[in-house]
J.: 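Dumping the structure here so I can ask a few things about it.
Below, read A as the first sequence line, B as the second, and so on, with proteins coming before strands; counting in each chain starts at 1.
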Amino acid sequence: MKQLEKTHDPGVERQIYQRWQDQNYFHAKVDKARKPYTIMMPPPNITGVLHVGHALNNIIQDILIRFKRMQGFNVLWLPGTDHASISTEAKIVAKMAVEGVTKADIGREGFLERAWAWRDEFGGTIVEQLRLLGLSCDWRRERFTLDEGLSNAVLETFIRYYNKGLIYRGEKLINWCPHCKTTISDAEVEHEDKDGYMYYFKYPIESGGFIEFATTRPETMLGDTAIAVHPEDERYTHLVGQMAKIPVVDRQIPIIADIYVEKDFGTGVVKITPAHDPNDYEVGERHNLAKINIMADDGTINANGGKYAGLTREECRERIIEDFKTLGLFVKTQNIRHAVGAHDRCHTVMEPLIKLQWFVTMKDLARPALDAYINGKVRFTPARMGKVYAHWLENIRDWCISRQLWWGHRIPAYYCQECGHINVAITKPGQCSKCGCADLRQDEDVLDTWFSSALWPFSTLGWPEKTEELEYFYPTNTLVTASEIIFFWVVRMVFSGIELMGEAPFSDVIINGTVRDDLGRKMEKSLGNGVDPIKVIEQYGADALRLMMITGNALDSDTRFIWPRLEVARNFLNKIWNAARFVMMHMDVDVPTLDITPQKLTVADKWILSLLAKTCANVTERIEAFDLVMAAQITYDFLWDYFCDWYIEMVKPRLYNKEHDKDNDTRMSALWTLNTVLTAGLKLLHPFVPFITEEIYTTLHENEETIMFAPWPTFDYRFEEEEQLAARFIEAVKGIRNSRLQNGIAPSQKLNVALAADKTLSDFFAEQNKSFNMMAGVGTFSIVDASDAQPDISAKDTATTVVISGGVLHISLDAVDVEKEKKRLEKEKSKITNEIERCRSRLSNEGFISKAPENLIADERAKLAKYEEMLVKVNEQSARL
RNA sequence: GGGAGCAUAGCUCAGUUGGGAGAGCGCAUGCCUUACAAGCAUGAUGUCACAGGUUCGAGCCCUGUUGUUCCCACCA
């Protein structure tokens with residue numbers, strides 16, 4: 001039989017991956033005879049390389065997809081990348097700036113050329129990163145949000161929405177990023193608490209006197225078109241209807257009453273700037289106020305700002321304060337801490353502006369998406385994330401989808417230069433559908449990236465064509481993503497899927513936590529604390545990285561990336577490697593052809609098989625509940641603690657004994673059991689650590705090409721009695737080891753042990769005689785009659801006992817220290833007495849007896865009996881000393 | 001302002017329906033035992049944040065407090 005190398009080399013991972021791909025194992029074909037299982041891979045954006053946080057997200061998906069594949073599902077996991085218009089365009093512009101080139105210099109065509117080059121570079125790097133992680137996604141179906149098919153889907157969607165009245169063009173207050181010079185959606189605005197100032201000013205009133213108000217943004221007064229007070233604010237009611245003057249621009253504005261104003265805040269007076277504040281916009285609508293836009297696209301003051309035109313927001317603010325001071329209309333400054341909206345990509349303070357933009361009407365789209373959640377068609381893990389999703393949908397506002405950028409899907413709207421009619425079509429129409437004029441000009445803007453991402457579940461499968469892939473794989477099953485993506489992507493995929501496909505695009509959404517650095521900080525490019533998975537893989541291998549990411553932390557909470565934990569994972573892989581090596585080096589027969597009936601199995605064999613069966617069932621259950629952490633933990637514990645530390649040690653004597661090779665049944669059954677457990681263990685591990693399991697599995701089973709399609713293990717072994725017996729064996733070995741250390745007996749010192757127990761237990765220990773001696777360091781082992789309370793060990797000077805459930809081990813040797821032993825027994829006695837006391841008090845508690853469940857009470861009684869028995873034995877023991 | 005999570009060993013974290021507190025790392029001690037020193041064995045360490053409550057019984061359920069993290073949000 002082929003043997004494994006002495007040490008495991010993670011360097012072979014690349015070759016294994018290459019082989020998988022050459023064999024086309026990842027490719028999913030439509031096969032109506034089999035059940036599909038599909039995972040939606042969130043396409044990473046191409047702004048840069050991935051960090052280990054992305055790795056975690058993909059590892060989770062790969063574990064699920066490998067698990068389902070082994071369960072016999074026809075799995076599809078479609079990879080791809082996302083063009084991320086704002087971020088990518090910003091990066092390219094920044095790169096161009098270094099060369100001294102601007103967008104205007106090279107024009108739209110030239111810019112897009114550069115953008116595609118960027119995509120090829122980073123898209124390639126990302127794909128390479130994903131491969132090194134061992135992800136089994138279908139590279140043949142790899143997609144990019146800007147490739148032809150997906151672009152068609154985007155245009156088709158735009159047109160359908162437009163024709164249905166779900167998309168409109170309108171002049172509304174939008175979020176403007178002065179740095180990126182584009183609109184952004186509400187979801188892209190993040191609120192940060194910042195220290196700032198509240199400025200108090202006075203405007204003169206036409207009838208004389210002044211009205212005092214507060215603002216955090218004095219520069220916006222250039223666009224003020226009213227001053228508002230609360231209708232019931234007695235301080236000001238007499239002023240309502242009068243005119244106030246904005247001194248610096250010499251404009252008269254009315255004093256109005258609106259319930260939006262809070263009497264108790266500030267001076268109870270609010271300046272109203274409809275063009276630059278969402279609240280003021282509403283007030284302006286109610287009172288028919290003019291909207292004066294004072295801001296240019298780069299955030300400087302425009303011509304409406306009169307003498308302040310051309311200044312930046314900050315400069316203008318300073319100048320206005322100065323001017324008010326000069327006029328004697330400045331009152332005071334107050335330190336405050338308040339929330340400011342900033343662009344989530346560049347952190348520039350966002351500016352609300354009124355602009356003509358394209359919007360998606362959300363009201364009718366949101367409802368079914370919310371219903372899908374309420375009806376349980378879309379479930380969240382952890383469940384609480386569903387509330388986040390629902391809350392967003394309940395409060396959703398229209399979605400601004402136009403972006404003043406070039407990198408993206410250009411809006412398929414063609415404006416007639418003659419009559420102004422908007423022609424919406426996939427390709428440029430020859431003439432205006434209204435007036436027949438041929439002079440049409442396409443909208444310059446592109447669509448929000450998420451508009452295309454929202455279609456991903458079906459656009460990647462060929463929609464709007466009715467492909468068989470779409471028919472077979474849609475709707476998909478599972479989406480694994482980060483919580484901050486719920487608004488951007490999850491919500492939008494659901495309503496798009498329902499609107500265009502008639503069905504939600506997936507049924508389970510799993511939210512994984514954020515991976516932080518070892519200090520608990522978010523991994524951010526600006527901090528430079530992101531960990532590149534490739535660095536980790538070079539050092540420890542992808543398997544170690546994968547195992548490390550999945551263990552030791554709840555996946556739905558934030559986790560820290562702690563390097564030493566990689567060693568824990570690597571050590572486990574090494575352990576499995578060596579265990580496999582051990583098994584294989586004894587396999588000198590063709591194990592699968594062995595005829596092993598249950599009668600030929602020993603107690604130890606049945607014990608480990610019984611545990612194996614339970615482990616398989618537990619692991620399956622856990623993965624199906626998306627609890628990958630526990631699934632990995634259970635497998636880890638079973639293989640290391642039970643299989644390696646106990647079972648392998650227990651069977652060693654049987655393996656070493658080759659005397660009667662042909663009819664040495666216990667040796668054959670040991671080999672058979674080792675093979676069975678190891679094979680199943682590898683399968684359980686495969687979703688987590690695909691490479692090492694592939695390597696061991698294909699070495700162990702020379703006829704098998706791969707473990708990837710090996711059937712997921714399930715067993716119906718149930719050997720309760722054997723489990724009990726083995727538990728006592730463990731108890732005995734541990735007891736003796738413990739006693740040895742406590743008594744200061746050297747490990748090399750062999751012990752004489754006599755077991756007094758019932759027949760079943762005695763028989764088992766007889767069967768395990770050799771391994772017991774080996775593991776506990778026993779020289780001579782004998783079995784004495786259980787009824788013989790004081791076996792004849794008087795030949796020895798001193799003796800001690802180890803009590804196990806159902807039996808006693810009498811240990812003797814020449815060198816036990818009598819005083820020490822007395823002390824130990826005293827300690828033991830007080831411990832037992834305490835336990836007995838506790839059991840008795842509990843059993844005499846009426847509340848417990850009347851209300852506690854039956855089995856608990858029975859347990860308590862059994863414990864009491866056991867401890868009482870132990871006490872007797874200990875007393876006998878000390879009497880003998 | 002609204003909502004959610006977290007607080008358990010020196011560190012990083014598990015603990016599914018309430019029924020005697022766990023793992024890994026680290027630490028201590030002893031072992032190169034013919035798969036593995038990246039290993040084996042044994043051990044020590046906890047007012048389960050604090051204060052109440054429900055219960056025969058609370059790390060777990062309820063109320064409040066403190067600390068901490070995150071999400072949402074248009075108080076000028």
Side-chain angles (χ1 to χ4, degrees), chain A residues 4 6-8 173 186 189-191 198-199 213-217 220 228 260-262 264-273 277-282 338-339 341 352 382 384-385 387-388 391-392 395 483-484 486-487 513-514 516 518 520 522 551-554 556-560 562 564-565 567-586 621-622 625 627 629-630 633 636-637 644-645 648-649 652 656 733-734 737-742 744 746-748 774-775 777 835 838-839 842 845-853 855-857 859-860 863:
Chain A
L4 292 171
K6 180 126 173 99
T7 52
H8 168 53
L173 197 68
D186 292 342
V189 177
E190 63 183 19
H191 293 85
M198 179 82 86
Y199 305 93
F213 60 92
T215 178
T216 52
R217 302 176 60 208
T220 60
Y260 152 67
V261 183
E262 274 186 42
D264 302 329
F265 192 90
T267 60
V269 181
V270 187
K271 61 191 255 329
I272 301 295
T273 323
D277 184 278
N279 292 312
D280 294 6
Y281 182 85
E282 302 287 327
H338 64 144
R384 69 185 131 84
M385 289 301 176
K387 284 191 249 170
V388 177
H391 182 256
W392 173 264
N395 297 289
S483 61
E484 61 258 34
I486 291 177
F487 313 125
T514 310
R516 298 166 174 276
D518 51 359
K522 246 183 175 169
T551 48
N553 261 96
D556 57 15
S557 63
D558 288 1
T559 63
R560 293 186 187 197
I562 295 168
R565 289 230 318 259
E567 288 176 18
V568 177
R570 183 199 54 187
N571 293 353
F572 173 72
L573 298 176
N574 186 50
K575 186 76 182 174
I576 295 305
W577 181 265
N578 279 298
R581 204 159 65 85
F582 172 82
V583 171
M584 283 188 230
M585 77 184 36
H586 290 92
E621 197 181 308
R622 292 296 185 159
D627 185 357
V629 175
M630 274 312 283
Q633 193 63 48
Y636 182 104
D637 291 344
C644 290
D645 288 352
I648 286 184
E649 294 305 321
K652 273 179 178 173
Y656 294 156
V733 173
K734 284 197 167 193
R737 284 169 176 167
N738 178 306
S739 158
R740 181 195 284 279
L741 233 77
Q742 278 188 359
S748 51
M774 201 174 86
M775 294 169 81
E835 293 301 335
R838 201 192 54 79
C839 286
R842 209 171 183 193
N845 178 335
E846 276 178 40
F848 180 73
I849 296 300
S850 59
K851 297 194 179 162
N855 59 335
L856 202 67
I857 298 170
D859 274 5
E860 210 60 35
K863 273 185 201 164

J.: Examine the base of B:G19 for any acceptor or donor lying under 3.5 Å from a partner atom in the side chain of A:Lys851, and report the outcome as yes or no.
T.: no
J.: Hey, does A:Arg740 reach any base, or is it just sugar-phosphate, or nothing, if we go heavy atoms under 4.0 Å?
T.: nothing
J.: Classify every nucleotide of nucleotides 27-45 of chain B by which part a protein heavy atom approaches to under 4.0 Å, writing B for the base, S for the sugar-phosphate alone and - for neither, in 5'-to-3' order.
T.: ---S----BB-BSSSSS--
J.: Within the structure shown, what part of the strands sits under 4.0 Å from A:Ile562 by heavy-atom distance: base, sugar-phosphate, or nothing?
T.: sugar-phosphate
J.: Given the structure, check if the side chain of A:Arg565 and the base of B:G24 hold any donor-acceptor pair shorter than 3.5 Å.
T.: no
J.: Please state how far atom CD1 in A:Ile486 lies from atom P in B:C71, giving the value in whole angstrom units.
T.: 12 Å
J.: Measure from CZ on A:Arg217 to C1' on B:A76 and round the result to the nearest Å.
T.: 11 Å
J.: How close or far is atom P of B:G24 from atom OH of A:Tyr636, stated in whole angstroms?
T.: 7 Å
J.: Need one value for A:Pro853: base, sugar-phosphate or nothing, where a base atom within 4.0 Å counts as base even if backbone is also close, heavy atoms only.
T.: base
J.: Does A:Trp577 reach a base, just sugar-phosphate, or nothing at all? Heavy atoms under 4.0 Å.
T.: nothing
J.: Rounded to whole Å, please give me the gap between CD in A:Glu846 and P in B:G57.
T.: 13 Å
J.: What is the separation between atom NE2 on A:His391 and atom P on B:A73, rounded to the nearest whole Å?
T.: 8 Å
J.: When rounded to the nearest Å, what value does the distance between P atoms of B:A49 and B:U33 take?
T.: 45 Å
J.: If I take atom NZ from residue A:Lys6 and atom CZ from residue A:Arg581, how far apart are they, to the nearest 0.5 angstrom?
T.: 4.5 Å
J.: Quote, to the nearest angstrom, the P distance that separates B:C13 from B:C6.
T.: 14 Å
J.: For the C1' atoms, the ones on B:G20 and on B:G24, what distance do you get once it is rounded to whole angstrom?
T.: 24 Å
J.: If you only use heavy atoms from C-beta on, which nucleotide in B:A73, B:U16, B:A23 is closest to the side chain of A:Arg622?
T.: B:U16
J.: Please state the P separation for the pair B:U8 and B:C61 - nearest whole angstrom.
T.: 16 Å
J.: Looking at residues at least two apart in the chain, or sitting in another chain, which of them share a ring-ring contact (aromatic ring centres under 6.0 Å, His included) with A:Phe582?
T.: A:His586
J.: What's the separation between atom CZ in A:Arg838 and atom NZ in A:Lys863, rounded to the nearest 0.5 Å?
T.: 5.5 Å
J.: With rounding to whole Å, what would you report as the distance between B:A23 and B:C40 at their P atoms?
T.: 15 Å
J.: Can you tell me which nucleotide in B:C25, B:G20, B:A4 comes closest to the side chain of A:Val568?
T.: B:C25
J.: side-chain hydrogen bond (donor to acceptor under 3.5 Å, both in side chains) with A:Asp637: which residues, sequence neighbours excluded?
T.: A:Gln633
J.: Using the C1' atom as the reference point in each nucleotide, state the distance between B:A41 and B:A21 in Å, no decimals.
T.: 24 Å
J.: Is A:Tyr281 touching bases, backbone alone, or none of the nucleic acid, heavy atoms closer than 4.0 Å?
T.: nothing
J.: Nearest-Å distance, CD (A:Glu621) to P (B:U17)?
T.: 14 Å
J.: Between A:Ser557 and B:A14, is there a side-chain N or O to OP1/OP2 distance below 4.0 Å?
T.: yes
J.: Which residue lies toward the 5' end of RNA chain B, A:Ala852 or A:Glu484, if each is placed at its nearest nucleotide?
T.: A:Ala852
J.: Remember a base hit wins even if backbone is also touched, and classify A:Phe487 as base, sugar-phosphate or nothing at under 4.0 Å, heavy atoms.
T.: sugar-phosphate
J.: May I have the distance from A:Asp556 (atom CG) to B:A14 (atom C1'), rounded to whole angstrom?
T.: 12 Å
J.: Can you check the distance between B:G18 and B:C60, where both ends of the measurement are the P atom (answer in whole Å)?
T.: 11 Å
J.: Quick one: A:Leu856 CG to B:G20 P, roughly how many Å, whole number?
T.: 7 Å
